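Here the structure is laid out as structure tokens; the discussion comes afterwards.
Naming: A, B, ... by sequence-line order, numbering from 1 per chain. All values reported here derive from a predicted model rather than from experimental measurement.
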Amino acid sequence: MMNKEIADIFRQIADILEIKDENFFRVRAYRKAAQNIENLTEDLIVLVNEKRLDVPGVGVDLAGKIEELVTTGALKFFEELKKTIPPGLLEIMTIPGIGPKTTKLLFDKLKIDSVSKLEIAAREDKLSSLPGLKEKTQENILQGIELIKQRQGRILLSTALSVAQKILDALKKLKVVEEAVVAGSVRRRKETIHDIDILVTSTKPQTVTDVFTSLPIVKKILAKGDTKSSVIVEGDIQVDLRVVGPESFGAALNYLTGSKAHNIRIRELAKKKGLKINEYGVFREKTNRIVAGKTEHEVYKTVGLCYIEPELREDTGEIEAAADNALPQLVVLTDIKSDLHIHSRWSDGTLSIADMAKAAKAQGYKYMVVSDHSQSLKVAGGLTPKRLKEQIDEIKRLNRSFKDFRILCSAEVDIKSDGSLDFDDDILKELDVVLAAVHSGFKQAKEQLTGRITRAMQNKYVNIIVHPFGRLINERPAYELDFEKILQAACDTNTALEINCYPKRLDLDDIHVKRAKEKGAMLSLGTDSHAQEQLDFMELGVAVARRGWLEKKNLLNCLSSDEFLDKIRKK
DNA sequence: GCCGTTTTCGGCCCGACTGTTTTCAGTCG
């Protein structure tokens with residue numbers, strides 16, 4: 001049983017308990033535990049087996065439940081609890097605007113136990129008979145049902161970033177707007193986004209809100225108040241806007257950036273110091289006098305912490321690290337000297353190697369790795385050994401024409417289903433660097449897939465395992481791997497693991513990156529670019545690296561080409 | 001259900017918007 005599955009069970013328990021109107025703090029305890037479990041870098045199975053189950057928010061009771069889930073694969077308490085309410089109620093609760101109270105009311109009074117029954121009842125005007133529900137609510141429920149029908153997975157970070165930019169550009173044109181920035185999970189650079197949060201400072205909030213809710217891309221207005229409004233824009237993405245005065249910018253940005261768990265911890269710290277933090281500022285609890293709020297740095301300072309980068313704000317140790325002055329110096333885009341995974345027209349890319357090199361130089365890089373596919377990957381025009389040798393010759397020719405740039409010869413070699421490689425060693429040894437990847441047999445058992453990759457890592461020419469989990473966000477789940485074994489093998493064989501920057505991949509993900517750093521594994525960034533503009537995906541990979549607490553020294557891309565080659569040749 | 005330089009019991013972050021209300025509950029972030 002995976003951490004994610006256990007977290008999901010705890011969330012379902014929380015939802016059921018909430019519908020049953022149990023103690024809210026008990027509900028919150030389950031949600032909090034679920035959150036912390038999801039953020040763990042290690043498998044609960046390992047933690048339970050080694051009796052190291054020491055997770056914040058998990059006390060004696062929940063630890064027992066985790067142990068039961070890990071050892072038996074099920075939880076009696078959960079199975080019994082599920083019997084007490086119809087399963088459809090949990091789905092009803094996912095409709096925007098409907099929470100536990102309404103769900104319970106609908107079931108108790110009208111025996112509504114599924115979204116489809118709710119839709120019929122609303123259409124037949126049966127809901128307005130209930131206390132507190134009138135025409136408008138009924139209408140909102142129908143619209144909410146439409147929304148969840150359209151909703152498909154979470155939005156990719158790359159999509160959210162570009163939508164956010166469009167909105168910011170529009171708002172920044174207004175004279176009444178002082179600052180306009182993106183906050184929320186987009187600012188934290190989560191790999192997928194639920195909605196986009198925008199913060200604006202202005203002394204004329206009404207004007208800003210009016211303009212925002214009437215932007216051309218707005219399809220529907222969900223809420224519009226004095227300082228806060230929500231809309232659905234093209235692409236069915238929810239965008240929330242908050243407008244505060246300039247004196248509150250830092251406090252509001254901190255509040256709106258979250259995460260929720262991080263904010264709660266910061267506010268608890270404030271409380272212990274006799275302070276209160278809200279989106280308007282930091283206040284003395286007794287006198288209600290404002291003591292900070294203009295900048296985020298100020299806000300953190302009042303609670304005795306140094307500034308914490310947005311990507312770290314998940315309450316996964318960053319607050320303790322900030323208190324100890326032990327935060328990592330996170331890698332930044334300008335530290336990156338190379339792109340370590342690029343395709344050309346030789347296989348399935350769209351540009352010649354020369355043009356890709358020109359584009360990479362324009363990014364400010366000193367070198368790049370050309371890694372076209374190997375022969376088995378026929379759909380992607382994989383190179384035969386003969387073609388690969390021709391490619392190496394061309395790269396050598398090109399390199400002679402550069403002054404301060406270098407192309408490294410490589411290939412993205414298939415790891416075949418038995419763990420052998422798609423090219424023989426006598427070809428691999430001709431390359432500067434060898435990337436290896438799984439492109440088939442995703443449904444194999446965990447042991448087999450893990451074995452394939454570890455076997456590939458044993459090969460002395462393989463330097464980087466690229467997109468190690470093979471997932472495509474919202475399309476294809478990661479294949480099953482024993483990541484601890486992969487990491488151990490990576491460390492033992494001096495093989496690096498890639499953070500693939502392709503928007504749908506972002507693989508390794510942030511949590512695995514953080515674990516890899518803890519274990520001291522080498523990591524690399526590669527955009528997997530097949531076209532010029534895709535080189536910009538590097539920004540997304542850097543975001544994952546930052547969320548995984550990486551510093552400059554943890555990434556091969558921050559080395560010069562000589563240092564890089566020295567390092568990988570130590571294998 | 002968790003947790004502890006105020007504590008092993010009694011707290012648990014804080015505020016905006018909506019729709020229904022005559023002052024607030026429910027929902028959301």
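The base of B/dG1 lies close enough to the side chain of A/Asn23 for a donor and an acceptor atom to sit less than 3.5 Å apart.
Across B/dT18, B/dG1, B/dT27, the shortest atom-to-atom separation from the side chain of A/Ala223 is found for B/dT18. The nucleotide whose nearest atom lies closest to any side-chain atom of A/Leu62 is, among B/dG19, B/dG1, B/dG29, B/dG1. Of all nucleotides listed (B/dG1, B/dC14, B/dG29), B/dG29 comes nearest to the side chain of A/Gln238. For A/Thr102, taking side-chain heavy atoms from C-beta onward, the closest of the listed nucleotides B/dG1, B/dG29, B/dT27 is B/dT27. In this structure, the nucleotide among B/dA16, B/dG29, B/dT20 sitting nearest to the side chain of A/Tyr280 is B/dA16. Here the nucleotide nearest the side chain of A/Lys65, chosen from B/dC14, B/dG1, B/dC13, is B/dG1. Among B/dT21, B/dT27, B/dC12, the nucleotide with an atom closest to any side-chain atom of A/Lys271 is B/dC12. Checking B/dC2, B/dT20, B/dG15 against the side-chain heavy atoms of A/Thr137 singles out B/dT20 as nearest. Picking from B/dA16, B/dC12, B/dG29 the nucleotide with the shortest atom distance to the side chain of A/Tyr255 gives B/dG29. The listed nucleotides are B/dG19, B/dG15, B/dT27; the one nearest the side chain of A/Asn140 is B/dG19.
Atom pair A/Glu268:CD and B/dC2:P shows a separation of 16 Å (rounding to whole Å applied). Between the NZ atom of A/Lys136 and the P atom of B/dT27 there is a distance of 17 Å, rounded to whole Å. Following rounding to the nearest Å, A/Arg267 (CZ) and B/dC13 (C1') show an atom-to-atom distance of 5 Å. The distance between atom NE2 of A/His262 and atom C1' of B/dC13, rounded to the nearest whole Å, is 13 Å. The distance from atom CG of A/Leu256 to atom P of B/dC14 is 17 Å, rounded to the nearest whole Å. Note: NZ (A/Lys260) to P (B/dT27) measures 14 Å, nearest angstrom. The nearest whole Å value for the distance from the CG atom in A/Leu199 to the C1' atom in B/dG29 is 14 Å. Counting to the nearest Å, the P atom of B/dA16 and the CD1 atom of A/Ile198 are 20 Å from each other.
Here, B/dC28 and B/dT22 have their P atoms 23 Å apart, quoted to the whole Å. Rounded to whole Å, the separation between the C1' atoms of B/dC3 and B/dT8 comes to 9 Å. Rounded to whole Å, the separation between the C1' atoms of B/dC13 and B/dG29 comes to 12 Å. Here, B/dC12 and B/dT6 have their C1' atoms 15 Å apart, quoted to the whole Å. B/dT20 and B/dA16 have their P atoms separated by 22 Å, given to the nearest Å. For the P atoms, the distance from B/dT27 to B/dT21 is 16 Å, rounded to whole Å. Rounded to the nearest Å, the gap between the C1' atom of B/dT23 and that of B/dT18 is 15 Å.
In this structure, A/Tyr300 and A/Cys306 approach most closely via the heavy-atom pair CB-O, 3.8 Å.
Side-chain contact between A/Val55 and A/Leu62 is absent, with no heavy-atom pair separated by less than 4.5 Å. Here the side chains of A/Val208 and A/Val176 are in contact, with some heavy-atom distance below 4.5 Å.
Comment: A/Lys224 engages A/Asp210 in a salt bridge, judged by a side-chain N to carboxylate O separation of less than 4.0 angstrom. Remark: A/Glu484 engages A/Arg515 in a salt bridge, criterion side-chain N to carboxylate O under 4.0 Å. Contact check on A/Arg188 versus A/Asp197 returns no salt bridge, with no Lys/Arg side-chain nitrogen under 4.0 Å from an Asp/Glu carboxylate oxygen. The pair A/Glu191-A/Arg547 does not count as a salt bridge, with every side-chain nitrogen at least 4.0 angstrom from each carboxylate oxygen.
Within the 4.0 angstrom heavy-atom criterion, no nucleotide atom of any strand lies near A/Ile266. Using a 4.0 Å heavy-atom cutoff across all strands shown, A/Asn263 reaches no nucleic acid atom at all. The residue A/Val60 sits close only to the backbone: its heavy atoms come under 4.0 Å of sugar-phosphate atoms, none of a base. Residue contacts shown for A/Pro96 are limited to sugar-phosphate atoms, with no base heavy atom under 4.0 Å away. At a threshold of 4.0 angstrom between heavy atoms, the contacts of A/Leu269 with the nucleic acid are absent.
Within the structure, every side-chain polar atom (N or O) of A/Arg242 is placed at least 4.0 Å from both OP1 and OP2 of B/dG15. Not one side-chain nitrogen or oxygen of A/Lys32 sits closer than 4.0 Å to the OP1 or OP2 atom of B/dC12. An OP1 or OP2 oxygen of B/dG15 is reached within less than 4.0 angstrom by a side-chain nitrogen or oxygen of A/Asn278. Within the 4.0 Å cut-off from OP1 or OP2 of B/dC17, at least one side-chain nitrogen or oxygen of A/Thr227 is found.
Between A/Phe469 and A/His512, a ring centre-to-centre spacing shorter than 6.0 Å is recorded.
Each of A/Asp195 and A/Glu135 has a nearest nucleotide on DNA chain B; the 5'-most of these lies closest to A/Glu135. Mapping A/Gly97 and A/Leu133 onto DNA chain B by nearest heavy atom places A/Leu133 at the nucleotide closer to the 5' end.
Pairing partner, B/dT8: none, since no Watson-Crick or wobble contact has both distances short of 3.5 Å.
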